[in-house]
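Comments concern the structure below.
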Amino acid sequence: MQAISKEKKQATLQLTGMTCAACAIKIEKGLNKLEGVEVANVNFAIERATVVYDPEKVDVAQMEQRIQKLGYDTAKETTDLQLIGMTCAACAVKIEKGLNKLPGVLKATVNFAMETAHVEYNPADVSVSDMQKKVEKLGYQAVPKQEEAKPGEHRQKEIVRQKRKLFISAILSLPLLWSMVSHFSFTSWIWMPDLFMNPWFQLVLATPVQFYVGKQFYVGAFKALRNKSANMDVLVALGTSAAYFYSLYLTLEWATASGDTHHGPAMYYETSAVLITLVILGKLFEVLAKGRTSEAIKTLMGLQAKSALVIRDGQELMIPVEEVVAGDIVLVKPGEKVPVDGEVIDGASAVDESMLTGESIPVEKKAGDTVIGATINKNGRLKVKATKVGKETALAQIIKVVEEAQGSKAPIQRVADLISGIFVPIVVGIALVAFLVWFFWVTPGDFANALEKAIAILVIACPCALGLATPTSIMAGSGRAAELGVLFKGGEHLEATHKIEAIILDKTGTVTKGKPELTDVVAEQIDEQSFLRLVGAAEKNSEHPLAEAIVSGIVTKGIEIPDTDEFEAIPGFGIRAVVEGKEVLAGTRKLMTKYNVSVEQFENMSRLEQAGKTAMLIAIDGQYAGMVAVADTIKDTSKEAVARLKQMGIQVIMITGDNERTANAIAKQVGIDHVLAEVLPEGKAEEVKKLQAQGKKVAMVGDGINDAPALAVADIGMAIGTGTDVAMEAADVTLMRGDLNSIADAIFMSRKTMSNIRQNLFWALGYNTLGIPIAAIGLLAPWIAGAAMALSSVSVVLNALRLQRVKV
């Protein structure tokens with residue numbers, strides 16, 4: 001193999017989709033045509049491409065795009081790492097940059113609030129252990145999430161550690177704070193023991209705080225500077241060290257120049273000790289508050305059943321739910337949670353599916369019906385065959401979507417990341433300039449005073465609040481949305497949803513229930529009950545969906561349906577049946593004409609059809625006897641939801657393949673003014689593009705396979721969760737409850753979250769922008785700056801947590 005020059009790089013890509021050697025040749029030729037690719041070799045046997053290229057002219061992403069254009073793909077894997085040791089947003093930026101520089105890493109995203117890294121990588125070029133080594137080299141720790149003993153265990157350890165340090169620091173700092181307070185004229189009445197004013201005593205108290213409690217800041221600062229970057233630790237270490245070592249210098253000077261063993265000059269030990277105590281307190285509040293932002297995940301995980309009663313080898317065994325495998329027969333007793341997704345093979349019961357659909361009325365289940373894990377069996381005993389277990393269950397998929405959304409970045413966060421990355425060096429520069437200005441011009445020669453101003457600037461400027469501003473809001477907002485049955489697939493979709501100006505709603509299954517129902521009964525010659533008995537008997541032998549709707553509607557009314565003596569389906573016309581000696585005809589006008597039945601009720605039939613219903617004429621023994629009408633009825637909440645969307649200033653459009661008359665009838669019922677009727681499935685995506693061409697941000701809402709192209713093209717695709725997997729895969733947002741109100745909920749939560757992020761960024765940036773000049777002109781004591789810095793981070797997280805209590 002040829003040597004690779006320093007200017008050139010080599011990439012290895014794992015390929016998928018090849019079926020023969022010709023495929024390998026095709027990919028090889030395609031890659032070799034890319035500008036910057038020196039040589040590309042494709043091995044069909046191991047499905048791998050090795051490419052030597054010039055990184056200044058081409059990158060791995062462009063190679064992947066070329067491979068995809070040729071009709072193949074590259075194997076990519078993802079991993080989630082739990083990060084330990086980050087102290088501020090600058091740490092997150094540093095780790096993210098470091099991981100993204102690794103050969104084979106396609107995209108790495110670090111979430112400071114969750115303390116996680118989500119990495120998409122090429123397994124042929126890089127391994128998870130390589131990533132861990134890189135993170136360790138940068139001065140932190142990375143643990144693959146599946147290797148964690150318990151979710152969040154690292155955070156609990158951190159809380160215990162910070163509490164211990166805070167206790168020690170507070171006990172040692174209290175006498176120092178006491179001595180500082182006594183310096184103020186208005187506190188001269190406070191009793192002060194002589195010992196507290198002794199420099200040696202102050203040194204003994206301050207040293208453990210500085211080097212035991214504050215060790216984490218020195219370690220963090222050393223690692224940051226070693227990697228040519230700067231973070232919060234650098235600022236805290238610089239500020240507190242300056243105060244401590246200047247005080248140590250004054251102590252030694254006093255000891256050699258004075259015989260007084262009790263009282264010494266004004267020291268600054270309390271500045272460093274109280275600062276460290278306040279920063280530790282702020283970090284503890286921050287860890288506690290950050291833990292609360294993932295409450296939604298904990299709530300969802302709490303819904304899972306812990307164990308399952310399975311039948312194996314004829315015996316009933318109680319096993320942990322993790323050990324259930326697909327194909328197992330699971331027994332679910334009344335009042336128990338269904339442990340996994342499956343199919344009922346025996347028994348009948350009502351199941352509470354409110355956790356998934358939001359529908360409070362239990363759903364009747366019998367053999368052949370599907371049940372979802374974590375739903376509650378109300379009254380009957382069910383025997384269920386497990387079809388989806390573990391990570392494949394509906395609840396596990398929901399948890400995965402929420403976790404991914406909480407761990408992803410919204411585009412608005414890039415601004416905060418950029419500022420955090422350059423903020424610390426700028427602040428150190430400002431502090432140095434302020435020190436020089438005070439020392440040489442404002443109070444010439446007063447080192448202590450100039451140092452105090454520099455320390456205040458270093459401490460007030462920590463960019464923690466800036467790094468927490470976006471991720472905490474995304475976590476809290478997406479978590480609350482999940483509780484409302486709205487699943488955002490990522491932070492970018494949560495951000496984009498608030499910009500929506502027009503919404504296109506698919507009709508069937510979205511605006512309507514997607515299932516025809518018996519809506520009208522007109523009985524002319526006999527009473528309604530007798531009329532429906534005969535109609536039901538005639539229709540129950542038909543396999544037509546409308547016939548099923550009629551029979552279901554009649555059964556719901558409590559009417560018993562007799563058997564038929566004869567039955568005949570007449571394609572294109574309707575049906576003919578003999579019931580209890582009577583000939584029953586049910587169908588179209590053409591059927592009535594064919595059997596010479598005189599009908600004068602065509603006007604009533606037209607009226608029903610204009611209302612979007614399908615009407616069927618009924619004749620008994622050659623005489624017109626009435627009609628029944630069936631319609632795909634609108635969902636109970638559709639009208640209310642459309643009104644809500646209009647109030648939000650959003651244009652609502654309904655799209656359907658149905659005829660214009662039916663479409664307009666449905667639209668009128670729910671209050672939709674714009675209708676696109678008789679649109680073929682492939683035409684739905686074109687209609688979305690037309691609206692986008694007008695400069696509008698468009699959301700498409702659908703539930704079927706035929707909606708998938710339009711969902712993918714729209715700025716935001718929303719899939720009704722009760723619909724197909726294909727639709728949900730193509731969508732950016734999944735509405736679990738099948739209720740159009742969820743669309744308004746999604747937009748509302750997006751707007752609330754973005755408003756919350758803007759408030760956080762304004763507070764964080766405004767706080768630093770205002771705090772630095774105030775500290776520079778000497779109006780801020782270092783310990784007050786430390787308290788304010790801790791408060792800023794906590795206030796940003798608490799503001800984000802307000803999203804968890806939002807009511808729609």
Side-chain angles (χ1 to χ4, degrees), residues 87 160-185 187-222 232-284 435 446-456 458-459 462 781-787 789-790:
T87 55
V160 170
R161 192 168 68 93
Q162 295 291 11
K163 278 183 178 177
R164 185 177 67 247
K165 286 192 169 187
L166 177 64
F167 178 75
I168 294 168
S169 189
I171 291 292
L172 295 174
S173 299
L174 192 61
L176 295 171
L177 183 64
W178 194 338
S179 68
M180 182 189 71
V181 170
S182 70
H183 292 160
F184 302 124
S185 57
T187 59
S188 57
W189 56 271
I190 295 176
W191 173 73
M192 178 60 56
D194 285 345
L195 181 65
F196 284 14
M197 302 303 292
N198 186 298
W200 291 117
F201 179 71
Q202 291 188 4
L203 175 64
V204 168
L205 293 176
T207 301
V209 177
Q210 189 70 35
F211 299 109
Y212 170 67
V213 179
K215 179 186 173 185
Q216 64 191 68
F217 303 117
Y218 284 109
V219 172
F222 171 73
M232 183 200 92
D233 293 326
V234 173
L235 296 181
V236 175
L238 268 176
T240 58
S241 296
Y244 176 84
F245 286 109
Y246 179 58
S247 298
L248 179 61
Y249 164 74
L250 291 176
T251 301
L252 295 173
E253 189 181 53
W254 163 79
T256 54
S258 170
D260 185 355
T261 57
H262 296 291
H263 293 278
M267 299 287 171
Y268 294 90
Y269 288 122
E270 77 281 347
T271 299
S272 64
V274 172
L275 271 179
I276 288 172
T277 304
L278 288 169
V279 173
I280 293 286
L281 177 65
K283 296 304 288 179
L284 177 61
F435 173 81
D446 191 342
F447 182 85
N449 192 43
L451 181 65
E452 194 173 274
K453 307 304 181 275
I455 291 169
L458 290 171
V459 174
C462 286
W783 71 274
I784 295 174
M789 184 267 284

- Walk me through it: do Q202 and N198 pass the test side-chain contact (heavy atoms from CB on, under 4.5 Å)? CA-CA 6 Å; Q202 291 188 4; N198 186 298; over 6 Å; no
- Task: Scan side-chain atoms only and decide if T207 and Y244 contain a donor-acceptor pair under the 3.5 Å cut-off.
- Result: yes
- Message: How long is the straight-line distance from CD1 of I276 back to CZ of F211, given to the nearest 0.5 Å?
- Response: 8.5 Å
- Between T277 and S169, do the side chains contain an N or O donor and an N or O acceptor separated by less than 3.5 Å? yes
- Item | Neighbour count above 12 (heavy atom, 6.0 Å) for F447 CZ | yes
- Task: State whether the side chain of S272 and the backbone N or O of Y269 hold a donor-acceptor pair below 3.5 Å, judged by distance alone.
- Result: yes
- Note on the structure: Rounding to 0.5 Å, atoms CZ (R164) and CD1 (I280) come to a distance of 11.0 Å
Which pairs of donor and acceptor atoms, one on a side chain in residues 213-221, lie under 3.5 Å apart (sequence neighbours left out)?
residue	atom	partner	partner atom	Å
Q216	OE1	K165	NZ	3.1
Y218	OH	Q210	NE2	2.8
Y218	OH	S241	OG	2.5

- Task: With the side chain counted from C-beta on, respond yes when P175 and L205 share a heavy-atom pair under 4.5 Å apart, and no when they do not.
- Result: yes
- Message: Rounded to the nearest 0.5 Å, what separates atom CG in L172 from atom CZ in F167?
- Response: 9.5 Å
- Task: Would you give the length of the straight line joining atom CZ of F435 to atom CG of L458, rounded to the nearest 0.5 angstrom?
- Result: 11.5 Å
- d(L166 CG, L281 CG) to nearest 0.5 Å is 5.5 Å
- Gap separating the CG atom of L176 from the CG atom of L203, nearest 0.5 angstrom: 10.0 Å
